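The structure displayed is predicted, hence computed values, not measured ones. Counting convention: from 1, in listed order, for ligands and their atoms alike.
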Amino acid sequence: MASPKFTAPDGMPKQDQVNEFYQAVAEADLQPLWVQKGIMPKEPPLAAVPFAWKWKTLKELAERSGELIPIDRGGDRRVLSLSNPGLSGQPFATPTLWGAVQYLGPGEVAPAHRHTPAALRFVIEGSGVWTLVNGDPVAMSPGDLVLTPSWSWHEHHNPGDVPMLWFDALDLPLARSLDAVFFENGPDQMVNRAVDPTSNSELHFGSGAGLVPFEEKVTQAYSPLFAYRWKDTDRALANTLRKSETGTASLRFVDPTRGIDVMPTMRCSMHRVSAGAKTRTSRRNGSSVWVTFRGSAVATIGEERFYLDEGDMFAVPSWCPISIEATHDADFFCTSDAPVFEALGLDRAEFLD
Ligand code: 1HN
């Protein structure tokens, strides 16, 4: 039936009226829902693929970048990003997470800047580096998790005589898809001070054993503790494993004052799998990036099997089943976008075995 306001020219065939209608809709920058395909798929259509990057390659290329590429203003960091082959050449490990290996040579400094995408480091190799987070010097050693939350000033210093290599993760792809990326350079004048390896953040919030400052209220969106030390993580994993019947232990890094994720966009966790043990097969929506910190294992992600050795990194896309079977006692660092899904009420997870 014709609408009261639009009368088709006398005798115009129906099909011509329909064609004219579609043309008018397009000219008005509108699109009818009924012709659109795939707008409400049964399950998320995935672009990112399960993928692993070998440490041998990451390390070799990071070292070569150290010899060939200076750290200058502009680039600011010597970083090789994990580029998921399913993401059309974008420098992202998953649709929401940036993952990378960063190399800082002896005597080098990565200059101060800040950005709204939140970042974290998980140290793989080296010693003697410290990073200045909002003026607080935080020492870095293998196995440590170090946070540089959204909009915090940060610069990295390597006054020692060995290079350091670490894993970087940022919520950059997420922030970018929200049009939320801002960036600012800091002063070129570097803070040059002898570093007490214990940051103020650790003195206040990192004593452990459930103790936090008596009256200090934390109101920011991220953890006031900027460093989670390997010796604490290792001890907590060992304690958990002692009472585990599965040969596996999984721990989450949290804000010590509130028990919530360390940052609002990235969950951080550490997983220990004893030689011969296997995790359950599970999946969740949202994606994650993993670092094999110690040992070796076979990970089954979706249909693919990945043979993992120390330093190998891998990406788990949304809704992809994953299980890990250790060939030697293995430890994994993992970061995911789970807090975002939970905050939005979009989280879904299940076990498949
Ligand atoms: C960044 O600031 C760092 O501060 C590392 O170490 C990786 C990737 C994209 C944008 C900024 C860092 C980064 C980054």
S.K.: Looking at atom 2 (O) of ligand 1, what's its closest protein heavy atom, distance included?
M.R.: H113 NE2, 2.5 Å

S.K.: Among protein heavy atoms, which lies nearest atom 4 (O) of ligand 1, and at what distance?
M.R.: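 Going atom by atom, the protein heavy atom closest to atom 4 (O) of ligand 1 ends up being R77 NE, 2.7 Å.
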
S.K.: Is it true that atom CG of D161 has more than 12 heavy atoms of other residues, nucleotides or ligands lying nearer than 6.0 Å?
M.R.: no

S.K.: Which atoms of ligand 1 have any heavy atom of Q102 under 4.0 Å away?
M.R.: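 Within the 4.0 Å cut-off of Q102, ligand 1 contributes 5 (C), 6 (O), 12 (C).
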
S.K.: Check whether any side-chain N or O of T116 sits under 3.5 Å from a backbone N or O of A180 as a donor-acceptor pair, and report yes or no.
M.R.: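 Yes; at least one donor-acceptor contact below 3.5 Å.
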
S.K.: Give the atoms of ligand 1, by number and element, whose distance to some non-hydrogen atom of D168 is under 4.0 Å.
M.R.: 5 (C), 7 (C)

S.K.: Using atom types as modelled and distance alone, determine if a side-chain donor or acceptor of T96 lies under 3.5 Å from a backbone N or O of L174.
M.R.: no

S.K.: Under 3.5 Å between any N/O of H154 and any N/O of ligand 1: does that happen in this structure?
M.R.: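 So ligand 1 has an N or O lying under 3.5 Å from an N or O of H154.
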
S.K.: Check the hydrophobic clustering (I, L, V, M, F, W, Y; side-chain heavy atoms under 4.5 Å; chains of links allowed) and say if L120 and L251 are grouped together.
M.R.: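 Yes.
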
S.K.: Taking atom CZ of R258 as the centre, report whether more than 12 heavy atoms of other residues, nucleotides or ligands fall under 6.0 Å from it.
M.R.: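 Above 12, so yes.
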
S.K.: Evaluate the side-chain hydrogen bond (donor to acceptor under 3.5 Å, both in side chains) criterion for residues T148 and R114: first the C-alpha distance (whole Å), next the side-chain angles of each, then the deciding distance (0.1 Å), finally the verdict.
M.R.: CA-CA 9 Å; T148 52; R114 63 176 174 175; over 6 Å; no

S.K.: Of all the non-hydrogen atoms in the protein, which one sits nearest to atom 6 (O) of ligand 1, and at what distance?
M.R.: H156 NE2, 2.6 Å

S.K.: How close does the nearest protein non-hydrogen atom get to atom 1 (C) of ligand 1, and which residue and atom is it?
M.R.: H115 NE2, 3.6 Å

S.K.: Check whether any heavy atom of E155 sits under 4.0 Å from an atom of ligand 1.
M.R.: no

S.K.: Taking NZ, NE, NH1 and NH2 as the nitrogens, is one of them in R235 or D232 under 4.0 Å from a carboxylate oxygen of the other?
M.R.: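 Salt bridge: yes.
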
S.K.: Counting non-hydrogen protein atoms only, what is the nearest one to atom 13 (C) of ligand 1? Give residue, atom name and distance.
M.R.: L170 CD1, 3.7 Å

